[in-house]
Peer 1: 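Sending over a structure as structure tokens; questions will come in a sec.
Everything quoted here is computed from the prediction, not taken from an experiment. By convention in this document, chain letters (A, B, ...) are assigned in the order of the sequence lines, proteins followed by strands, and residues within each chain are numbered from 1.
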2 protein chains.
Amino acid sequence: MVNGGKMTKRHADRIAKALEELIFDGTFANGERLDEVRLAEQFGVSRTPFREALQRLSLSGLVELVPHRGAFVRQPGPVELIEMFEVMAEMEAACGRFAAMRISDEALDDLRAANVRCREAIERGDPDAYYAENERFHQIIYAQSGNAFLAQEAGRLHKRLRPFRRQQLRFRGRMAQSMEEHEAIVEALVSGDAEAAALRLRGHVAVQGEKFHRLMASLRSAAE
Amino acid sequence: MVNGGKMTKRHADRIAKALEELIFDGTFANGERLDEVRLAEQFGVSRTPFREALQRLSLSGLVELVPHRGAFVRQPGPVELIEMFEVMAEMEAACGRFAAMRISDEALDDLRAANVRCREAIERGDPDAYYAENERFHQIIYAQSGNAFLAQEAGRLHKRLRPFRRQQLRFRGRMAQSMEEHEAIVEALVSGDAEAAALRLRGHVAVQGEKFHRLMASLRSAAE
DNA sequence: GTCAAGAATTTTGTATACAAATTTGACTTC
DNA sequence: GAAGTCAAATTTGTATACAAAATTCTTGAC
């Protein structure tokens, strides 16, 4: 019972979301300080709810809150990014390991359906549609881990890495490869092979080899 | 650069820590509402920093913040607890997998030293000392994963589960068994066997078989 | 010209005051 | 007597005012 989709009209919520977007978008540069008075006024609220929003973002790691100094946006650097992907890979592997034993038939159908739409998106050459279905694919696996806590944590990290994962798909041939990996993952889940599911999901998410260079390249371009 | 041990004198920090303790200790019952005005006064501060503290605790999952209703302490129930231990086991397994390849010789010595002190604690029949060294053992492995992000996440969850892990050690024979598992883990790390390290750490942390019943029993007694 | 010390200014942290929303209780009605 | 409705009273959410800390700018000495 986690305040299911109730439309909260709290200013703090709205601002936290907005700031999150602006940080993801790169509107705010990396070390930039978020001026409380200026931005609060810009959002049309007082400092109190604005600071609440900052508090939350600091716990998500998007801003660093230095005592008596202010809030600074904190984009992950190359090292931290690699680390986060490493953890993401392990989390997805864990989800896959559990899901192999716990997934429902309906969910398997949903995965297959998502993959079909993925393939259609590739044929249309539509990376956005592909990304949307890819997202759905992974969310299903999180949920089917049968572990709500794990699903939540995986979702959190996924959200944080979203812009970077998205970027990765724009590289030539990656969508097709990703597609094949998806199908191998479903196959492992269908046959209930926990280790294979874990291994394939880890490999699917892990940033290694060519993917590593591509990530670094995208980082460099983002920095300019 | 995450504000390393700097002694912050912010009220919000102090109160967040204090509340955390009180919730862990079970001073606050499960669904209990945390009255802002009463508790803020009790802590000798105004509502503003007190609410900041609540915000943080809500993001750690220790309290649920219902809009326009208040803050309610949220002790994990049996299901969530099992789920959290499941994730903890996977995280430690991941730490072990990485550490097997990345651990330093000094850290291996530290692990052996911690184990020696563990054994001494058992001989003295001192569960508190054992727990302290056990904690150290695991923290070393987190750090030696060579992944600061993973180490941080593992540490967070470890902290959250601390009271329950501690309780587990009080059961007859568990310390000795835990000790053996520690040594098997070190052995795997020494030989650089990533899969063995992961497997053994997962098994060490996982709550299954007899441990499950014990956890349930301790929960029941805590509820009364 | 550079560096240091200190005052002025800016900015964060906290307290208080006010507004909005929810809960509670009384009163009415069936 | 029970249920519904409306008003009073809490209680949360937000704005503003004040205090404390840090930064910046000025001023003076070497």
Side-chain angles (χ1 to χ4, degrees), chain A residues 1-23 27-74, chain B residues 1-20 22-23 28-74:
Chain A
M1 192 169 36
V2 190
N3 183 24
K6 189 180 289 184
M7 182 55 181
T8 57
K9 292 197 184 274
R10 294 182 55 200
H11 291 170
D13 288 2
R14 185 171 57 82
I15 287 159
K17 246 186 194 166
L19 278 180
E20 200 176 78
E21 275 303 314
L22 290 173
I23 290 174
T27 306
F28 294 119
N30 187 13
E32 192 170 341
R33 177 170 141 273
L34 299 176
D35 190 321
E36 289 182 4
V37 293
R38 195 172 60 82
L39 286 172
E41 186 173 19
Q42 200 165 319
F43 278 108
V45 300
S46 82
R47 278 176 57 217
T48 310
F50 187 81
R51 278 172 63 91
E52 258 190 45
L54 286 182
Q55 288 281 332
R56 276 190 245 181
L57 294 183
S58 88
L59 288 218
S60 331
L62 274 73
V63 309
E64 186 170 6
L65 230 49
V66 187
H68 294 288
R69 294 281 312 268
F72 301 85
V73 322
R74 183 163 147 50
Chain B
M1 192 168 37
V2 190
N3 183 24
K6 189 180 290 185
M7 182 53 182
T8 57
K9 292 200 183 271
R10 294 182 55 199
H11 292 169
D13 288 2
R14 186 170 58 81
I15 287 158
K17 245 186 197 167
L19 279 179
E20 200 177 78
L22 291 173
I23 291 174
F28 293 119
N30 187 12
E32 191 170 343
R33 177 171 141 274
L34 299 178
D35 190 321
E36 289 182 5
V37 293
R38 196 171 60 81
L39 287 173
E41 187 173 20
Q42 201 164 319
F43 278 107
V45 300
S46 81
R47 278 176 57 217
T48 310
F50 187 81
R51 278 173 62 92
E52 258 191 44
L54 286 182
Q55 288 280 333
R56 275 190 246 181
L57 294 183
S58 88
L59 288 217
S60 330
L62 273 75
V63 309
E64 184 170 8
L65 229 50
V66 188
H68 290 119
R69 297 280 310 267
F72 301 85
V73 323
R74 180 161 149 51

Peer 1: In a check of side-chain contact (heavy atoms from CB on, under 4.5 Å) between B/Val73 and each of B/Leu62, B/Leu34, B/Leu57, which one passes?
Peer 2: B/Leu34
Peer 1: For A/Gln55, which residues count as a side-chain hydrogen bond (donor to acceptor under 3.5 Å, both in side chains) partner, sequence neighbours excluded?
Peer 2: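 Per chain and number, A/Gln55 pairs via side-chain hydrogen bond (donor to acceptor under 3.5 Å, both in side chains) with B/Glu52, B/Arg56.
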Peer 1: Would you please name every residue forming a side chain to side chain contact (heavy atoms under 4.5 Å, CB included) with B/Phe43, sequence neighbours left out?
Peer 2: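 Here the qualifying residues are B/Ile15, B/Ala18, B/Leu19, B/Leu22, B/Val45, B/Phe50.
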Peer 1: Report the residue (B/Gly70 or A/Arg69) whose heavy-atom-nearest nucleotide on DNA chain D is the more 5′ of the two.
Peer 2: B/Gly70
Peer 1: For B/Gly44 and for A/Leu34, locate the closest nucleotide of DNA chain C by heavy-atom distance; then report the residue assigned to the nucleotide nearer the 5' terminus.
Peer 2: A/Leu34
Peer 1: What parts of residues 45-59 of chain B reach DNA chain C, counting only heavy atoms under 4.0 Å away?
Peer 2: B/Val45, B/Ser46, B/Arg47, B/Thr48, B/Pro49
Peer 1: What is the first contacted nucleotide of DNA chain D and what is the last, in 5' to 3' order, if contact means an atom lying under 4.0 angstrom from a heavy atom of chain B?
Peer 2: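 Reading along DNA chain D, I get D/dT11 to D/dT14.
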Peer 1: side-chain hydrogen bond (donor to acceptor under 3.5 Å, both in side chains): which pairs involve residues 37-49 of chain A, sequence neighbours left out?
Peer 2: A/Glu36-A/Arg47
Peer 1: Could you tell me whether A/Arg38 contacts a base, only the sugar-phosphate backbone, or nothing, with contacts defined as non-hydrogen atoms closer than 4.0 Å?
Peer 2: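 No contact.
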Peer 1: Can you list everything that forms a salt bridge (Lys or Arg N to Asp or Glu O under 4.0 Å) with B/Arg33? Sequence neighbours excluded, please.
Peer 2: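 With neighbours one apart ignored, the set is B/Asp35.
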Peer 1: Who passes side chain to side chain contact (heavy atoms under 4.5 Å, CB included) against A/Glu21, sequence neighbours left out?
Peer 2: A/Asp25
Peer 1: The criterion is side chain to side chain contact (heavy atoms under 4.5 Å, CB included); which residues satisfy it with B/Ala16, sequence neighbours excluded?
Peer 2: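 Only B/Ala53 meet the side chain to side chain contact (heavy atoms under 4.5 Å, CB included) criterion with B/Ala16.
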Peer 1: What pairs with B/Ser58 under side chain to side chain contact (heavy atoms under 4.5 Å, CB included), at least two apart in sequence or on another chain?
Peer 2: B/Val63, B/Leu65
